[in-house]
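As structure tokens, the structure follows; a few thoughts come after it.
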Amino acid sequence: QVQLVESGGGLVQAGGSLRLSCAASGSIVSIGVMAWYRQAPGKQRELVATITSDGSTNHADSVKGRFTISRENAKNTVYLQMNSLKPEDTAVFYCNADIRAGSTWSYRNYWGQGTQVTVSS
């Protein structure tokens with residue numbers, strides 16, 4: 001059984017910083033692309049950033065220059081460093097990953113449970 005567990009969310013003032021973490025656990029053989037998504041109240045879930053197993057990254061235009069995705073393969077963990085936070089960044093942030101686990105040969109997509117980030121003005 002594979003699980004993704006996020007941590008690091010909370011309440012912060014505009015201009016502040018937070019660092020989200022997401023650790024994958026279980027009978028993991030390998031992890032492919034890892035990503036962060038977010039969903040604001042009344043809005044669709046949107047992609048924030050992705051990182052491949054070799055460290056190539058992409059960030060949404062709305063967070064470029066403010067957010068940075070990174071990962072520690074040895075710890076099966078992905079991070080999202082968020083700086084210069086704005087009230088419009090308020091959302092539930094979800095971790096997502098393609099994981100090969102157990103005796104399977106294919107990758108399966110997994111989601112974390114989400115962590116709330118609230119930015120006050």
Side-chain angles (χ1 to χ4, degrees):
Q1 187 79 359
V2 171
Q3 280 191 316
L4 295 178
V5 178
E6 299 109 332
S7 60
L11 173 64
V12 64
Q13 286 190 330
S17 298
L18 282 174
R19 189 193 195 206
L20 304 182
S21 300
C22 171
S25 63
S27 303
I28 295 170
V29 175
S30 65
I31 303 178
V33 175
M34 303 185 84
W36 287 98
Y37 287 75
R38 66 183 178 184
Q39 187 166 19
K43 294 188 177 181
Q44 288 190 326
R45 191 172 297 189
E46 65 172 357
L47 178 63
V48 175
T50 63
I51 185 167
T52 64
S53 56
D54 63 0
S56 295
T57 63
N58 274 295
H59 296 79
D61 288 343
S62 59
V63 306
K64 276 181 183 175
R66 300 188 299 122
F67 292 9
T68 302
I69 190 171
S70 62
R71 65 192 280 175
E72 274 192 84
N73 290 333
K75 294 185 177 181
N76 293 332
T77 299
V78 63
Y79 305 97
L80 186 67
Q81 178 65 45
M82 304 186 293
N83 300 328
S84 302
L85 282 160
K86 305 174 181 179
E88 51 263 44
D89 293 317
T90 295
V92 177
F93 281 71
Y94 296 92
C95 174
N96 179 272
D98 292 328
I99 297 175
R100 188 159 74 90
S103 59
T104 62
W105 285 96
S106 60
Y107 285 83
R108 178 182 166 185
N109 190 253
Y110 292 87
W111 288 93
Q113 82 287 353
T115 185
Q116 177 70 47
V117 171
T118 303
V119 184
S120 63
S121 56

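In this chain, numbering begins with 1 at the start of the sequence shown. We use all heavy atoms of the structure for the numbers below, so side chains are in, but hydrogens, waters and symmetry mates are not.
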Between Glu6 and Gly114, is there a donor-acceptor pair closer than 3.5 Å when you use the side chain of the first and the backbone of the second?
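Pair found, side chain donor or acceptor close to backbone of Gly114.
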When you measure from the side chain of Asn73 to the backbone of Ser53, do you find a donor-acceptor pair of N or O atoms at a distance under 3.5 Å?
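Judged by distance alone, yes, a pair lies under 3.5 Å.
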Under 3.5 Å, is there a donor-acceptor pair between the Tyr107 and Ser30 side chains?
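On atom types as modelled, these side chains qualify, holding a pair under 3.5 Å.
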Can you tell me which residue pairs pass the disulfide bond (SG atoms under 2.5 Å apart) test with a partner in residues 32-105, sequence neighbours excluded?
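Qualifying pairs: Cys22-Cys95.
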Rounded distance (nearest 0.5 Å) linking atom [atom1] of [X] with atom [atom2] of [Y]:
X	Y	atom1	atom2	answer
Gln13	Leu11	CD	CG	8.0 Å
Thr115	Gln113	OG1	CD	7.0 Å
Ser27	Gln1	OG	CD	9.5 Å
Arg71	Thr50	CZ	OG1	10.0 Å

Testing the basics here: between [X] and [Y], what is the closest heavy-atom pair and its distance to 0.1 Å?
X	Y	result
Trp105	Arg100	O-CD, 3.2 Å
Ala14	Pro87	CB-CD, 4.1 Å
Gln116	Thr90	NE2-CG2, 4.0 Å

So which residues get pulled into Val117's cluster when ILVMFWY side chains under 4.5 Å apart are joined, directly or through others?
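So far as hydrophobic clustering goes, Val117 is joined with Val2, Leu4, Val12, Leu18, Leu20, Ile28, Ile31, Met34, Trp36, Val48, Ile51, Val63, Phe67, Ile69, Val78, Leu80, Met82, Leu85, Phe93, Ile99, Tyr110, Val119.
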Would Ser62 and Arg38 count as a side-chain contact (heavy atoms from CB on, under 4.5 Å) if you check the C-alpha gap in whole Å, the side-chain angles of each, and the deciding distance to 0.1 Å?
CA-CA 12 Å; Ser62 59; Arg38 66 183 178 184; 3.5 Å; yes
Using a 6.0 Å cut-off, check whether atom CD of Gln3 has over 12 heavy atoms from anything other than its own residue.
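No - once you tally the heavy atoms of other residues, nucleotides and ligands closer than 6.0 Å, there are 12 at most.
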Would you call Lys64 and Asp61 a salt bridge, taking side-chain N to carboxylate O under 4.0 Å as the test?
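Here Lys64 pairs with Asp61 in a salt bridge, since their nearest N and O are under 4.0 Å apart.
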